[in-house]
Amino acid sequence: MLFHVKMTVNLPLDMDPALATRLKSDEKQLAQRLQHEGIWRHLWRIAGHYANYSVFDVPSVEALHDTLMQLPLFPYMAIEIDGLCRHPSSVHSDDR
Ligand SMILES: O=C(O)CC1=CCC(=O)O1
């Protein structure tokens, strides 16, 4: 199942800079692992915002929830999710 996910990061202004650096580094490491595993299909910065548009490929809504909750920045994110299905006019017949 494919999901379009918007993540907006809101780190507290008074967060310890060392903690912020560690959280971002840990987030990057997990994000890159999930991309290599094909779970995190797309990751795009939204220009001008500390936010991203992502596409996840997971077996269920529960799996998406569990994946997002693992993210080190999860406590500091506002997350919006839309489920995706094939468009009848899409030429990408091999995509799910
Ligand atoms: O910077 C972001 O949008 C949050 C984030 C997601 C994956 C990552 O490495 O940072």
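In this text, all values refer to a predicted model and were calculated from it rather than measured experimentally. Indexing begins at 1, ligand by ligand and atom by atom, following the structure's order. Nothing fancy with the numbering, it's 1 onward along the sequence.
When heavy-atom distances to ligand 1 are checked against a 4.0 Å cut-off, R45 comes that close only through its side chain, counted from C-beta outward. Under 4.0 angstrom from ligand 1, there are no non-hydrogen atoms of Y76.
Ligand 1 is never approached by M7 to a heavy-atom distance shorter than 4.0 Å.
Atom 9 (O) of ligand 1 has K28 CA, 3.4 Å as its closest protein atom, hydrogens excluded (heavy atom only). Of the protein's heavy atoms, E27 CG, 3.5 Å lies nearest to atom 10 (O) of ligand 1. Looking at atom 4 (C) of ligand 1, its nearest protein heavy atom turns out to be N52 ND2, 3.7 Å.
Separation of atoms CD (E80) and OG1 (T8) is listed at 6.0 Å; rounding is to 0.5 Å. The distance from atom CG of D57 to atom CG of L2, rounded to the nearest 0.5 Å, is 5.0 Å.
Each of D82, I81, V55 was scored for a side-chain contact (heavy atoms from CB on, under 4.5 Å) with F3, with one residue passing: I81.
For the pair Y53/H4, a side-chain contact is recorded, criterion being any heavy-atom separation below 4.5 Å from C-beta on.
Among residues at least two apart or in separate chains, side-chain hydrogen bond (donor to acceptor under 3.5 Å, both in side chains) pairs with a member in residues 15-40 are R33-E37, W40-S54.
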